[in-house]
Number of protein chains: 2
Amino acid sequence: MRWIRYTAADQTTAAYGILEADTIREVRGTPFGETERTGKTHRLADVKIELPVVPPTFYAVGFNYTEHIKKIAARTGVSPDLPTQPDVGYRANNGLIAQGEPVIIPRDATDSVQYEGELVVVIGKKAKHLSEADALSCVLGYTIGNDVSERSWQKSDRTLWRAKNTDTFNPMGPWIETDVRLDDLETRVSVNGKESIRFPTNAMLFGVERYIATITRYITLYPGDVIWMGTDGASPNLKAGDVVDIEITGIGTLSNPFLAEK
Amino acid sequence: MRWIRYTAADQTTAAYGILEADTIREVRGTPFGETERTGKTHRLADVKIELPVVPPTFYAVGFNYTEHIKKIAARTGVSPDLPTQPDVGYRANNGLIAQGEPVIIPRDATDSVQYEGELVVVIGKKAKHLSEADALSCVLGYTIGNDVSERSWQKSDRTLWRAKNTDTFNPMGPWIETDVRLDDLETRVSVNGKESIRFPTNAMLFGVERYIATITRYITLYPGDVIWMGTDGASPNLKAGDVVDIEITGIGTLSNPFLAEK
């Protein structure tokens, strides 16, 4: 099932609906609680797609695919250092934008602005002390994230706040798919319609189950929390005018243009 | 003026009020929008004090006082490395607890669980591209935070998620004071009633104005966001049964007991 959050022309606030092919079936409530179909429908092409969720906490995993770690290490001139345990990090909601909204490249960014195509886990239920075997029981579904990164700031700053969390640097969407077999997924990234990388989405150093079990040993996950699972490979430098499409098979395609700050 | 968020015996949800001596004057609305006095009052001793705000984003500054950087470096066996620019970090709301609520020390924590007494800036207005001269215009007021830290995890993990953001590791409160002259503040920390450190709160490497100007160059601050400003000195190891009081003169005293996980 696909949960979409959207604003129709006759709505003033965003609503959730169930997306079936190109038809949205509106519901009252949210997928994090009770919902009820209203009977109203919209065509997908007629609505503004909104963020699939505004997360209470925005978790983000770094260094979770071997090739990515090696390539980032080579670029920054250090030896690759594979993590030995799953340590999660955070981003903040200021950076989130929805399907189709533009990533704004700051005036003082260097030319090393790059995409990172990521699987996003959407938590559906409050969870603490889950085992790996039970970990997926708290998951509502999956969406897609683009963890846009300015590599010179990633190197110069002590934290990632500016390199990866500048306003508009965190596109997420287009919707939440609940019927997912993680091993079946493939991530495919295109720039201006030309594919630049594809990789098996679940070929992670530490998978979704391991991360959820580790986090919930110490931290309570809440409905709507998201966990961005990291990326593989390396990206070309992006410039104003580029459009980045991140497809994860079975989920959908997140598409965002890049523009220059005025 | 002091904004307090509380639950009275006859309330089912938290409300804001204005604290005058020991009397709370209830308002409709929140200090981040319009408020109106209801005429109702409570005695401070009769209410449960709640978190002064549930922040959209929880920013936290590390390494912002010279003595603290030197002491942490000595303990972890590296040379002290003074930051050359203000790079902010994040925590998550799962760790937040209110005045009087217990910090729960996890079963597998080592004995190096410590306090960090911090000034907390509470943002009142949406802000982007503020200069240092205008930075304080977006500030509603100030409260107090205890950035509880497990030092062995701080050393072993790639990020601070577990060392500083385990559930209950982020006491904040007791209320928001709007009338503050930063240079007048002194932070005083006591363990079980015995003072363990005092330091001038504003003797920071990078002050509140500098941090807000730097953050808002790239990131939009929103009403209710909080920025924890770091701490000075070093803490003794804490154990179950200890009570930590963090006073910042002119604001108040944040007091929390420490208990062991069952």
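Here the structure is a predicted model, which is why all the values come from computation and not from measurement. Just so we're on the same page: letters track the sequence lines, and every chain starts at 1.
The side chain to side chain donor-acceptor pair (under 3.5 Å) pairs that include a residue from residues 135-149 of chain A are A:Arg91-A:Asp147, A:Asp147-A:Lys164, A:Asp147-A:Asn170, A:Ser149-A:Lys164, where partners are two or more places apart or lie in different chains.
Looking at residues two or more places apart in sequence or on another chain, you find a salt bridge (Lys or Arg N to Asp or Glu O under 4.0 Å) between A:Lys239 and A:Asp242. Residues meeting the salt bridge (Lys or Arg N to Asp or Glu O under 4.0 Å) test with B:Glu209, sequence neighbours left out: none.
Ranked by non-hydrogen atom pairs under 4.5 Å with chain A, the options B:Gly62, B:Pro56, B:Gly95, B:Pro83 are led by B:Pro83. Chain B forms more heavy-atom pairs under 4.5 Å with one residue of A:Thr57, A:Thr166, A:Val88 than with any other, namely A:Val88. With respect to chain B, the highest number of heavy-atom pairs below 4.5 Å among A:Ile215, A:Val54, A:Asn94 belongs to A:Asn94.
Counting heavy atoms of neighbouring residues, nucleotides and ligands inside a 6.0 Å radius, atom CZ of B:Phe206 exceeds 12 of them.
Neither the backbone nor the side chain of A:Phe58 comes within contact range of chain B, judged by heavy atoms closer than 4.5 Å. Using a 4.5 Å cut-off between heavy atoms, B:Thr220 touches chain A through backbone and side chain atoms alike. Neither the backbone nor the side chain of A:Phe169 comes within less than 4.5 Å of any heavy atom of chain B. Looking at A:Thr214, both its backbone and its side chain come within 4.5 Å of chain B, counting heavy atoms on both sides. Only the backbone of A:Pro86 comes within contact range of chain B, judged by heavy atoms closer than 4.5 Å. Using a 4.5 Å cut-off between heavy atoms, A:Arg162 touches chain B through its side chain atoms alone.
Of the possible donor and acceptor atoms, one in the side chain of A:Asp225 sits under 3.5 Å from a partner among the backbone N and O of A:Tyr222.
No hydrogens or angles considered: a donor-acceptor pair under 3.5 Å links the side chains of B:Tyr90 and A:Asn165. Under 3.5 Å, the side chains of A:Asn64 and A:Tyr211 contain no donor-acceptor pair of N or O atoms.
Here the CG atom belonging to B:Asp167 is positioned 11.5 Å from the CG atom belonging to B:Asn93, to the nearest 0.5 angstrom.
Of residues 105-126 of chain B, those residues lying under 4.5 Å from chain A by any heavy-atom pair are B:Pro106, B:Arg107, B:Asp108.
Between B:Pro52 and B:Met172, some side-chain heavy-atom pair lies under the 4.5 Å cut-off.
In this structure, B:Tyr218 has its ring center closer than 6.0 angstrom to the ring center of A:Trp153.
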